[in-house]
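To start, the structure itself, in structure tokens.
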Amino acid sequence: MKSKKTLPAKYDPTVLEEKWQKIWDENKTYHVDIENAKNPFYNLMMFPYPSAEGLHVGNMYAFTGTDIYGRFQRMQGKDVLEPIGLDGFGIHSENYAIKVGRTPKEHAAISEKNFYRQLHLIGNGFDWERKVETYDPKYYKWTQWLFIQLFNQGLAYRKKAPVNFCPKDLTVLADEQVIDGKCERCGTEVEKRNLEQWFFQITKYADRLLKNIEGLDWSDKVRIAQRNWIGKKEGINITYPIENAKETVTIFTTRPDTNFGATFIALAPENPLVAKITTAEHKKEVEEYLKAASQKSDIERQAEGREKTGVFTGAYAINHLTGYKMPIWVSDFVLMGFGTGALVGVPGHDKRDFEFATKFHLEIKRVVVGSDNDTSPITAIEQVQEDEGTMINSDFLNGMDIHKATEKIMDYIEEKGWGKRVATYHLRDWLISRQRYWGPPIPLINCPKCGWQPVPEKDLPVLLPDVENWKPTGTGESPLAQLTDWVKTTCPKCSGPAKRETDVSDTFLDSAWYFFRYTSTDIDSAPFDTKRVKKWLPVTMYIGGAEHSVLHLLYSRFVTMVLSDMKLIGFEEPFAKFRAHGLIIKDGAKMSKSKGNVVVPDAYIKKFGADTLRTYLMFLGPFSQGGDFSDSGIEGMHRFLKRVWFIAHEFSENPSEEALSEESLRIMHKAIKKATEEISNLRYNTAIAALMEWYNFVSNRSKTQGQPLTKQELETFIKILAPFAPHMTEEIWQSISGNDSQFRSLHKQSWPTFEAKYLAESSITVVVQVNGKVRDNMTIVAGKEQKQVEEQALALEKIKKYTEAKQVGKIIYVPNKLINIVVKE
RNA sequence: GCCGAGGUGGCGGAAUGGUAUACGCGGUAGUCUCAAAAACUACUAGUCGCAAGGCUGUAAGGGUUCGACUCCCUUCCUCGGCACCA
């Protein structure tokens, strides 16, 4: 009996895919029992910004790759939670709304519809009952709740700070959102402004955030990026007396070993000490410098390059070690936010210090000799020894390696009470407030009597009011500040008149906890159900773009730690396993609307079907690597799926033909093994290649030996193909499986397993090399003794040619694989 | 400058230290067709040779090894991130 009548002759993905998406929806095929699941597997993909252009193939690549992993796990018997949502609050969405002349709310409604439509089209196995939209009051109620928890833990504080201000977006930006001195969103040059802002004290968690990295199963490059971002540096704070003054100056250094060569001190312009120590005769000059420095943007500073500027305060600090009078300067290359906002200059052994000293004719002392043994005075920047060397001109440190000297001198300084070992971090506190409209209002009330008070939980959410003037004001205040009625409120503590905070919180707060919410979208009484969180979290597998290696992951980790400290959850780290996927680029550049190279999947889905596009995207290269999108190969993938479709009509159900040869079994089990391993490692391209090789074998066998595909082979084949091309494989599966009235999806069948006994070959081809060069090959019986293999190899005509009249030395035998005969010339 | 990833046919890419270029795209020739498309078959790193077969080849140069795309050193280039961080 051949060919099942139920499988249509023509492969028509448009009809097929719509049909199955509907059936899956109706049957809740991908819905998971959140309370009772036995083998919970939380398969999470980073939820997208619903940009106006809609989902592009870059998004689709990420989602499909994650979905394949989820489908694979589901077929391994896991109860897979695979939710999706939209990260729709924030500047990005608001700016787009401004551009198209809609309110952010209107825009959100439109893009939401479009995104969910597209997310259906690509055929992912989402649980559609667990959606999250960050701009939904039911969601941001709990974002506000989270803010209050941080506030109550003493982790939210307010301070006036020089902040990055984007004059185009009219808002404050976090340090992380400033790229090359420009706004991450719009590319406008960022200004420095002094504004009152809310901060989260993430630095308090720096050490834990750093330490926990060790135990995470994450892509290495992401772990390294996190480590670098936290940027812990061990060093020492040294306090120097100031000549003729009661003040002292404290600097941070990681290189106290060079302290015998210290010849000046430099302070950041913002350092409060500047005003206190500047002598009368230098006052005017210093004030002018401070004023100029405060007006300079980062871009202007960069434009000046490494050309150092600075001004002398007239004061001197005394170097304990040498008694040297170190002039105290002010320079904008010293950063207030790092260390103590002051440094000690060792121009002989630090390139920046050298430049500064050269420019202002300060003394340069050599205290380290490098491997070049140059002991001459340092007059050129090439002579500046930074990373290695031996101490000289440094009293009791002389002759020591610099690293040893560093430890020695730190002990000494601490002993003398001149300083103390400290660690500093690159990580800064999280600037959380935004003078914008499209975000969750910060749920705090300022009472003239009681100070800042959180909005009581029963009053949450603080709804974002619908207002006419929602566009940024540029006054340094949120548009919400104009709503006097809304701002006016009563103090939750004393019931006196009070004012609401009018800033909204940073979008990164929205996305720092959404993975908790997915488990509990049906619950209104709490941010999440603790039992469900215990069951499903930490997230089993998290997949997302490397561009979020630092910010989103770090903030999520921070929030999770805080919740853990509050005993609301029983773990510190939110993502057990994280893998970064590659980026799909187009013509060598990242897809972006401004470059006009955005590829939208819709047209390809219409022409070839989602199955083809999915499989094609995954075949492009390793998932972690991404690739350059070109449609040149997509026809080939479509061809492959069509071949599978046709061969599925011609399988044999004749029991006498069912018996597979040893070779056929071996090829099948090899394919299962290879595909399973490759999918586990997110190497989808080679998994697909393994399927193709198997297909080629069967197709060839069918033609040359007349043995068609067997039912067993077909079933196995479409199961492995199922995660990649879920629609067509489902159709084939339904046509070959029994006529059960109940719908049993292919995607809930168990994954094929391979058996080692079928993998072994009875006769094997062994490569024969002479001096490492392949000269011949031969077939041997598996497991043959080395001696016999050697004899067989040496007897080969082609090999004789190379061994004749020469002395055969060593013979290396790699069992069942290769034999290498070494001959001497 | 620092950190990270990478450099393999015409192209995307494949190779636990063991036959380099699997799989796919593209190309060439053929089958089918009135013709074309589709589909199918064969070939497809360079080079010498009628062939058998040889030689050369994984950015460049060196090293370790019986054997190196793979490990080590030096250099060059591309991409991504950070950047006056003491």
Side-chain angles (χ1 to χ4, degrees), chain A residues 176 179-181 219-225 227-229 231 233 235 251-256 258 266 268 298 301-302 304-308 331-335 337-346 349-353 355-356 386 424-426 546-547 549-550 580 582-583 585 588-590 616 619-622 624-637 639-640 642-643 646 674 683 685-696 699-700 703 765-777 798 801 809-814 817-823:
Chain A
E176 295 90 332
I179 311 294
D180 289 334
S219 312
D220 276 347
K221 61 175 176 182
V222 177
R223 302 196 323 162
I224 291 165
R227 207 173 284 134
N228 290 345
W229 191 261
K233 286 203 175 122
I251 58 89
F252 171 75
T253 179
T254 56
R255 293 293 307 279
T258 59
D298 285 356
R301 285 197 188 187
Q302 267 168 27
E304 289 163 5
R306 286 164 183 274
E307 184 66 24
K308 297 287 180 289
S331 176
D332 66 5
F333 87 85
V334 185
L335 307 172
F338 186 81
T340 59
L343 62 79
V344 61
V346 184
H349 305 289
D350 181 289
K351 288 192 171 136
R352 282 164 326 178
D353 294 354
E355 284 166 0
F356 192 81
E386 286 189 322
T424 65
Y425 301 85
H426 173 261
E547 70 273 22
S549 304
V550 173
L583 237 44
I585 54 173
K590 198 172 160 178
Y616 171 65
F619 191 58
L620 234 41
S624 60
Q625 193 182 299
D628 200 335
F629 186 86
S630 74
D631 50 17
S632 65
I634 195 166
E635 297 263 7
M637 189 53 75
R639 226 161 15 225
F640 173 66
K642 275 198 288 192
R643 288 191 195 119
F646 290 124
K674 172 98 173 158
R683 308 207 22 132
N685 56 330
T686 44
I688 295 165
L691 273 178
M692 286 173 165
E693 282 179 70
W694 184 23
Y695 169 87
N696 290 342
S699 159
N700 195 40
K703 275 167 198 148
T765 303
V766 167
V767 171
V768 184
Q769 295 182 336
V770 178
N771 286 348
K773 286 200 170 179
V774 179
R775 295 303 181 188
D776 203 356
N777 60 62
K798 284 181 191 167
K801 215 168 82 187
K810 197 151 54 153
I811 298 180
I812 285 101
Y813 179 52
V814 183
K817 203 169 229 170
L818 171 144
I819 183 159
N820 186 17
I821 300 160
V822 184
V823 299

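Being a predicted model, the structure only gives us computed values, none of them experimental. Chain A is the first sequence line, chain B the second, and so forth, proteins listed ahead of strands; every chain is numbered from 1.
- In this structure, NZ in K233(A) is found 8.0 Å from CZ in F252(A), a value given to the nearest 0.5 Å.
- For R683(A), whose side chain is taken as the heavy atoms from C-beta onward, the closest listed nucleotide among rC85(B), rC66(B), rA15(B) is rA15(B).
- At whole-Å resolution of the value, CD1 in I811(A) and C1' in rG18(B) are 16 Å apart.
- Nucleotide rG46(B) is shown with an anti base, its glycosidic torsion being more than 90° from 0.
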Find every protein N or O atom lying less than 3.5 Å from an N or O atom of nucleotides 2-6 of chain B, and list the pairs.
unit_1 : atom_1 : unit_2  : atom_2 : d
rC3(B) : O2'    : N228(A) : ND2    : 3.1

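- The two residues A580(A) and S219(A) have their closest heavy-atom pair at N-OG, 3.2 Å.
- Nucleotide rC66(B) holds its P atom 10 Å from the CG atom of N820(A), rounded to whole Å.
- Note: NZ (K674(A)) to P (rA22(B)) measures 13 Å, nearest angstrom.
- The salt bridge (Lys or Arg N to Asp or Glu O under 4.0 Å) test applied to R227(A) returns E214(A), not counting sequence neighbours.
- Evaluation of atom-type donor-acceptor distances gives no pair under 3.5 Å for the side chain of K351(A) against the base of rC84(B).
- One interatomic measurement links the two molecules: NZ of K798(A) to C1' of rA52(B), which rounds to 9 Å at whole-angstrom precision.
- Listed nucleotides rA86(B), rC85(B), rC55(B) differ in distance to T253(A); the shortest reach to its side chain belongs to rA86(B).
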For each nucleotide in nucleotides 23-29 of chain B, reading 5' to 3', give B when a protein heavy atom comes within less than 4.0 Å of its base, S when such contact involves only the sugar-phosphate, and - otherwise.
BSSS---
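- Distance K233(A) NZ to rC85(B) P: 7 Å, rounded to the nearest Å.
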